[in-house]
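Notes for the one structure printed next.
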There are 2 protein chains.
Amino acid sequence: MRDAMMTDPCIGCGGRLAGLCQPLDTSALDEISSESERVTQSARTVLFREGDPAVRAFSIGAGIVKLSRLLSDGKQQVVGFRFAGDIVGYGTGKTYPYDAELLTGASFCRIERSRLDTLLRRHPVMERRLLDMCLQELAATQDQLVTVGRRSAEARVASFLLGLEEAYRRRGAVPDPLPMPMTRSDIGDFLGLTLETVSRSLSHFKKQKWIEEPAHQKLRLSDRAMLTELAEGMVQDL
Amino acid sequence: MRDAMMTDPCIGCGGRLAGLCQPLDTSALDEISSESERVTQSARTVLFREGDPAVRAFSIGAGIVKLSRLLSDGKQQVVGFRFAGDIVGYGTGKTYPYDAELLTGASFCRIERSRLDTLLRRHPVMERRLLDMCLQELAATQDQLVTVGRRSAEARVASFLLGLEEAYRRRGAVPDPLPMPMTRSDIGDFLGLTLETVSRSLSHFKKQKWIEEPAHQKLRLSDRAMLTELAEGMVQDL
DNA sequence: CGTGCTATTGAGAAAAATCAAACGTGGTGG
DNA sequence: CCACCACGTTTGATTTTTCTCAATAGCACG
């Protein structure tokens, strides 16, 4: 246990440059490694639930996490998906404001909130990095608000597909085909649509050869230009 | 000019405790005052437009600011409203990601982005405060995503009214009646609805005596309990 | 006292939700 | 190894909600 914890620079640094520790020097990384725990878990694992006391934060090394809120009438809203390099579960509230669930097997680092706060106080570059990540996340959420609030069903789905690809791109090479581990229901809950509407849109895209599904949960964007036009509402159907 | 700039501790501190400088000591406040400019402007003034180079940040002392994005097809999405104490125009991008427009007359502090960044580096408490504000804003935007993505028209409008009241509450006493300077169109663009749907919902609420409009752009929430139930979707109509 | 916005209200159209049925597929146990 | 079961997906028919288009009314400002 000790060696695993000591050798891996943790908090989002599992071989990636995108995470919270990107700007840190080696000695700081050692300090952080000793404060955090490396964990690997399988798909469908729940990291935490809405309302749980927010005692830990998570930094994703690999895998995809779904963040969602459950409404009183049983409907669900997916607030976002998180990928390698992202931080999950760090906020101002005493409890988590959403559920976090693994969509794939994932590895990540787990750290006590109180310890992370101490680290942030000791390393202002790290705090600055966290601020930048938070600002980015805010911008992405505002984008999503535009998509959900003002675009047609097909535009939303096209927008989601392009966004998924972009998420991979920002983390290095774009795999081909794209892994898409979320269900139609997850996608609908993200876009403010029903799973049937998502399915119909995807079927339509496939029929038009704008996308292919070479295998289950694998996706290829064959016509990005058309998807982009769709997402921007420049074209209704054709 | 010089005396006005020197005597007011600025950046969100115009008599309020909620802003960015809340945790600062007096000498730091003096430093900031010399770096920033106090400005007062009338309703409908545009602080900046989407795509403008993001050279300044703004800290609201009093008044309400509307942040909105314009889509290629002419539709608008209001990303949020900002009140006294909030920071507007600080992000990671080189350009502003939305328009910022005054809904009321407003006073605020204006500071060069580069100078603000210097100040943040010099005062880690200030940076920490900004991080907390950003995390709060992120949580609020995620809330809005739930509202727009998963609630009925009347639930969204009820949710907006309660949110407006809450915004005043967090900044001190709740005025009665509540000032509501945004048009039906602004509200619709915030909630992902048309202005007609907003108008119909408000008319219905008035008819049911759940709200009153004692004057133009003045609002009284007569039955918060019912509005809350509506917002949570616990009741369709009655 | 117009004139230009903003708001209200109505009627009809369109988009997406809902309800329902059938299909595929991967995993499990006989 | 195959049959079956659970779950996700697709597709169709119908209903509901909200949008769109249109006409009218109210208000502030010049």
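So you know, we letter chains A, B, ... as the sequences are listed, proteins then strands, and number each from 1.
In the interface, the side chain of B:Arg156 is not paired with the base of D:dT17 through any donor and acceptor atom under 3.5 Å apart. Side-chain to base pairing of B:Gln217 with D:dC27: no donor and acceptor N or O lie closer than 3.5 Å to each other. Donor-acceptor pairing under 3.5 Å, judged by distance alone, is present between the side chain of A:Arg200 and the base of C:dT18.
Counting any heavy atom pair closer than 4.0 Å across all strands shown, B:Lys75 reaches no nucleic acid atom. Among the protein residues, A:Gly192 comes within range of the sugar-phosphate backbone only, with heavy atoms under 4.0 Å from sugar or phosphate atoms but none that close to a base. A:Thr194 comes within 4.0 angstrom of a base, heavy atoms only. Residue contacts for B:Leu195: at a heavy-atom cut-off of 4.0 Å it reaches a base atom on one of the strands shown. Residue A:Arg151 is classed as having no contact, given no heavy-atom separation below 4.0 Å to the nucleic acid.
Protein atom CD of A:Glu154 is 8 Å distant from nucleotide atom P of C:dA16, rounded to whole Å. One atom, CZ of B:Phe205, and another, C1' of C:dA7, lie 17 Å apart when rounded to the nearest Å. Put simply, CD on A:Gln76 is 15 Å from P on C:dA17, counting in whole angstrom units. Distance A:Arg184 CZ to C:dT18 C1': 19 Å, rounded to the nearest Å. Put simply, CD on A:Glu213 is 15 Å from P on D:dG8, counting in whole angstrom units. Between the C1' atom of C:dA15 and the CG atom of A:Leu230 lies a distance of 16 Å, rounded to the nearest Å. We find that CZ of B:Arg44 is positioned 13 Å from P of D:dA28, with the value rounded to whole Å. Straight-line distance from the CG atom of A:Leu193 to the P atom of D:dT10: 15 Å, rounded to whole Å.
Toward the 5′ end of DNA chain D lies the nearest nucleotide of A:Glu196, the other residue of the pair A:Glu196 and A:Arg150 mapping further downstream. Nucleotides of DNA chain C nearest to B:Leu202 and A:Val198 differ in position, and the one nearer the 5' end is that of B:Leu202.
A salt bridge is defined here as a Lys NZ or Arg NE, NH1 or NH2 lying under 4.0 Å from an Asp or Glu carboxylate O, and A:Asp176 with A:Arg220 meets this definition. Salt-bridge annotation for A:Asp86 and A:Arg170: absent, with no side-chain N of the basic residue lying under 4.0 Å from a carboxylate O of the acidic one.
The side chain of B:Thr197 contributes an N or O atom lying less than 4.0 Å from OP1 or OP2 of D:dC19. Residue A:Ser199 has a polar side-chain atom (N or O) positioned under 4.0 Å from OP1 or OP2 of D:dT10.
Evaluated for a salt bridge (charged side-chain N to carboxylate O under 4.0 Å, His left out) with A:Arg224, the options A:Glu165, A:Glu229, A:Glu166 yield exactly one hit, A:Glu165. Under the side-chain hydrogen bond (donor to acceptor under 3.5 Å, both in side chains) rule, A:Lys66 has a single partner from A:Thr104, A:Asp99, A:Asp186, A:Thr183, which is A:Asp186.
Enclosure of atom CZ in A:Arg44 is not indicated, since only 12 or fewer non-hydrogen atoms of other residues, nucleotides or ligands lie within 6.0 angstrom.
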